Amino acid sequence: MDLEKHPAAPAPAPAGLRASDADRDRIAQILGDAVAEGRLTAEEHSERLDTLYAVKTVGELEALVRDLPAPGGAHAPSASASSYAGAAGPAAETIVAVCSSSSRKGRWRPGAHTRAVSVMGDITIDLTQAVFEQQVTEINVTCVLGNVEVLVPENVTLRGYGSGVLGNFEVRGMSRGETDPQAPVVIVRGFSLLGNIEARPKLGARLVDLARKLRKNLDG
């Protein structure tokens with residue numbers, strides 16, 4: 001008779017518990033894997049992603065992925081598919097401009113999470129030539145008496161959730177019909193106080209090699 005005591009497995013979070021940022025990141029990752037595998041269309045992915053940042057509880061989040069396989073399960077994405085959509089990006093980065101200016105542009109690798117803080121400063125985050133290593137890239141912006149501009153390629157899905165107090169928070173070009181279903185999703189979340197936050201596609205800039213690169217990974 002085995003009398004050894006084993007620690008009980010941690011209980012799942014109650015459905016009515018308020019969702020944390022980590023909970024939302026986990027669900028966003030499952031949705032990103034699903035669209036890369038073809039389990040969700042681009043339209044379905046966009047709709048669920050919009051809902052992801054609108055709901056409040058863990059139970060509402062879980063309902064978004066109830067019909068999708070969990071990471072690491074029997075139907076987890078193959079290594080070739082996850083090399084683009086499910087791979088973890090580089091470490092989170094913080095960009096700060098206090099009475100100064102700062103920018104990220106050219107051929108760089110944004111992390112899954114980037115935080116930008118502008119206090120009487122200017123920040124430019126240019127993703128038009130960036131190398132994305134994850135399906136969903138989130139940029140959190142705090143702007144006080146400053147200016148923050150985020151530029152993305154035309155065929156990247158752009159989403160925005162934020163507000164301004166005596167300031168401006170604007171995300172333009174969130175059209176679902178013009179985006180590439182295999183392109184990354186960029187989410188801009190921010191708060192502006194007496195400042196300006198603007199995110200928009202850069203005309204003429206496109207990530208043209210995404211579909212070809214992904215097909216090569218899947219075939220190879």
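From a predicted model like this one, the values you see are computed outputs, not experimental measurements.
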**Candidate pair Glu170 and Arg200, rule salt bridge (Lys or Arg N to Asp or Glu O under 4.0 Å), full reasoning** = CA-CA 8 Å; Glu170 182 179 8; Arg200 61 181 175 84; over 6 Å; no
**Prompt:** Heavy-atom distance under 4.5 Å between the side chains of Gln135 and Pro184, does that happen here?
**Reply:** no
**Request:** Check whether any side-chain heavy atom of Ile187 sits under 4.5 Å from a side-chain heavy atom of Val136, and report yes or no.
**Result:** yes
**Request:** Kindly indicate whether the side chain of Cys143, heavy atoms from C-beta on, has any atom under 4.5 Å from the side chain of Phe191.
**Result:** no
**Asked** Between Val171 and Gly160, what is the shortest heavy-atom contact and its length?
**Response** CG2-CA, 3.6 Å
**Asked** What closest approach, in Å, do Leu127 and Pro153 show between heavy atoms, and which atom pair accounts for it?
**Response** O-CD, 3.5 Å
**Item:** Connected via hydrophobic side-chain network under 4.5 Å: Phe169 and Leu151
**Value:** no
**Message:** What I'd like to find out is whether the side chain of Val186 reaches to under 4.5 Å of the side chain of Phe132, using heavy atoms alone.
**Reply:** yes
**Shortest non-hydrogen contact from Pro201 toward Arg172** = CD-O, 3.2 Å
**Item:** Any Glu60 side-chain heavy atom under 4.5 Å of Val58 side chain
**Value:** no
**Asked** If we only count heavy atoms from C-beta on, is the Glu62 to Leu64 side-chain gap below 4.5 Å?
**Response** no
**Arg24 to Leu52 - nearest heavy-atom pair and separation** = NH1-O, 2.6 Å
**Request:** Decide whether Asp126 and Thr124 meet the rule of one side-chain donor and one side-chain acceptor closer than 3.5 Å.
**Result:** no
**Request:** Examine distances only and state if a side-chain atom of Gln134 and a backbone atom of Pro110 form a donor-acceptor pair shorter than 3.5 Å.
**Result:** yes
**Complete:** For Gly167 and Ser192 the tightest heavy-atom approach is CA-OG, 4.0 Å
**Message:** Checking Arg115 against Glu138 for the salt bridge (Lys or Arg N to Asp or Glu O under 4.0 Å) test, could you report, in this order, the C-alpha distance in whole Å, the side-chain angles of both residues, the deciding distance, and whether it holds?
**Reply:** CA-CA 9 Å; Arg115 179 167 178 77; Glu138 184 171 324; over 6 Å; no
**Fill in**
Nearest heavy-atom contact between Gly146 and Ser118 is CA-OG, 3.7 Å
**Message:** Using side-chain heavy atoms (C-beta onward) and a distance below 4.5 Å, is Val150 in contact with Ile139?
**Reply:** yes
**Request:** Kindly indicate whether the side chain of Trp108, heavy atoms from C-beta on, has any atom under 4.5 Å from the side chain of Val131.
**Result:** no
